Amino acid sequence: MNLLKQIPKVDKVLGWEGIQTLLENHPRPVVIRAVRTALENLRNRALRQEGERAQFTEEAILEQIGREIGSLSARKLKRLVNGTGVVIHTNLGRSPLPERIREALDEVAFGYSNLEFDLASGERGSRYAHVEEILCELTGAEAALVVNNNAAAVLLALSSLAAGREVIVSRGELVEIGGSFRIPDVMRQSGAILREVGATNRTHPGDYSAAVTQDTGLLLKVHCSNFAVVGFTAEVSAEQLVELGKQHALPVLADVGSGNLVELSRRLGCNEPTVQEFVDAGVDVITFSGDKLLGGPQAGIIIGRKALLAPMKKHPLLRAVRIDKLTLAALEGTLQLYRDERQALQEIPTLRMLTVPLEELADKAKRIAAELQKVVRGNVQLSLVEGFSQVGGGALPLLQLPTVLIAIAAGTMSAQEIEQTMRLSPVPVIGRIFKGAFLLDPRTILEEDIPALTAALQGMNP
Ligand SMILES: *Cc1c(COP(=O)(O)O)cnc(C)c1O
């Protein structure tokens with residue numbers, strides 16, 4: 001109770017000379033909030049009988065207020081080190097952008113641009129035109145349109161192609177992507193009527209044919225993304241669906257999810273069709289994300305037949321889901337790298353991380369571990385262990401990419417304690433815990449992040 005009496009009133013603290021200095025350098029509301037929080041913390045400590053007299057002096061209180069101001073003024077959204085080995089980690093911002101596009105982003109962000117201005121005619125232009133040509137060139141599609149994300153792309157495509165009409169989709173493809181994006185819900189939102197066919201594991205072309213009525217407006221195919229149907233399965237291919245579409249004079253929409261533009265199947269030993277394969281199969285409209293396998297910014301890309309995209313370009317929903325200029329600049333820059341596949345694989349971080357050879361990862365693990373070894377205290381132990389990385393982002397859920405992990409042990413600290421310490425570092429480091437060990441995967445650690453990682457480990461005090 002004695003300590004409680006030591007806690008000054010807010011007004012008194014605001015009169016302290018030390019506070020005047022803080023007020024000169026920080027906005028008044030921030031200082032007042034910091035004072036309140038610091039005093040509140042002291043009160044709680046005193047009530048829990050945890051306080052030490054030294055923490056209740058003017059000098060110590062001022063120091064705590066200073067720390068509070070620091071944390072109030074710090075950016076909430078900040079860079080961190082992804083040591084999880086999940087390459088397309090939705091919680092960690094999905095794809096880091098290629099260094100090569102920094103200049104393009106910088107130019108558009110800090111100046112005016114021809115976002116919706118046609119330089120040739122001097123008249124109003126379309127923001128969507130900037131990337132249409134390159135998307136058509138890369139995919140072989142007739143037309144293209146970009147929106148805020150793939151969820152918006154699917155919503156816009158369904159609203160425009162099938163509002164008030166039935167959409168036939170296989171039961172095995174009624175997926176939930178996460179974050180409440182579920183195909184049946186999006187369908188309802190668009191005004192289209194879901195007509196599910198087949199069984200969970202098997203759907204046949206005849207199932208679609210039998211479901212077609214005069215109310216049918218569209219045939220839909222959805223990439224399974226984050227789950228796999230294995231065992232006794234049958235899926236109607238894009239080619240078969242296109243054939244059915246022709247027979248019944250119905251358009252075919254494919255939500256291919258991850259948006260893979262380079263041949264990854266052979267490189268990764270998996271089966272992930274490219275966007276071009278869907279175009280070649282004759283699918284009328286295709287949607288995919290900009291920040292999954294494509295490795296660009298968050299965006300939704302719609303490609304397909306001109307006649308079907310034209311109404312989407314005039315749809316009232318388009319304005320609500322429109323892409324912003326920073327995204328557009330980043331997307332254009334990323335797409336340009338795809339003109340040369342080797343360059344795309346080298347310079348787009350997502351593609352580079354997915355395709356880096358194991359020997360290179362092993363070298364990187366050794367090199368990072370050697371850097372870390374220089375700063376750690378005696379009882380911190382670093383070792384290398386074999387393991388697996390994941391693609392993430394709802395792509396290729398079964399694919400296990402072999403990697404070499406850095407395992408960190410620290411005296412009596414548990415893996416959970418190490419995890420927490422690393423996560424709460426000034427530049428947070430996110431790793432994973434497996435079988436009681438704290439692990440970092442070099443696959444997703446960017447070269448520029450190594451100093452921050454070293455600093456985080458240096459700050460650990462077992
Ligand atoms: C990821 C995904 C979406 C959602 O895309 P966002 O860009 O996250 O909005 C939709 N459909 C499929 C099949 C997906 O994999």
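Ligands are counted one by one from 1 in listed order, and the atoms in each one are counted from 1 as well. Only a predicted model underlies this, so the values are computations on that prediction, with no experimental measurement involved.
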* Going by atom types only, do Glu272 and Ser258 share a side-chain donor-acceptor pair under 3.5 Å? -> yes

* Which protein non-hydrogen atom lies closest to atom 15 (O) of ligand 1, naming both residue and atom, and how far is it? -> Ser225 OG, 2.4 Å

* What atoms of ligand 1 come within less than 4.0 Å of a heavy atom belonging to Ser289? -> 5 (O), 6 (P), 7 (O)

* **Contact (N/O only, under 3.5 Å) between Asn150 and ligand 1** => yes

* Structure fact -> With heavy atoms and a 4.0 Å threshold, my read on which part of Arg94 contacts ligand 1 is side chain

* To do: For Glu173 and Ser170, test the side chains for any donor-to-acceptor distance below 3.5 angstrom and give the result as yes or no.
  => no

* Asked: Which residue holds the protein heavy atom closest to atom 9 (O) of ligand 1, what is that atom called, and what is the gap in Å?
  -> Ala151 N, 2.9 Å

* Cation over ring face, Arg432 and Phe438, 6.0 Å, 45° -> no

* To do: Would you check the N or O atoms of Lys292, main chain and side chain alike, for any that come under 3.5 Å of an N or O of ligand 1?
  => yes

* **N-O pairing of Lys306 and Glu142 below 4.0 Å** => no

* Asked: Is the side chain of Thr355 donor-acceptor paired with the backbone N or O of Leu351 at a distance under 3.5 Å, no angle test?
  -> yes

* Do any nitrogen or oxygen atoms of Asp291 lie less than 3.5 angstrom from nitrogen or oxygen atoms of ligand 1? -> no

* Asked: Backbone or side chain, does any N or O of Val256 fall under 3.5 Å from an N or O of ligand 1?
  -> no

* Asked: Without hydrogens or angle criteria, can the side chains of Thr350 and Ser95 be said to hold a donor-acceptor pair below 3.5 Å?
  -> yes

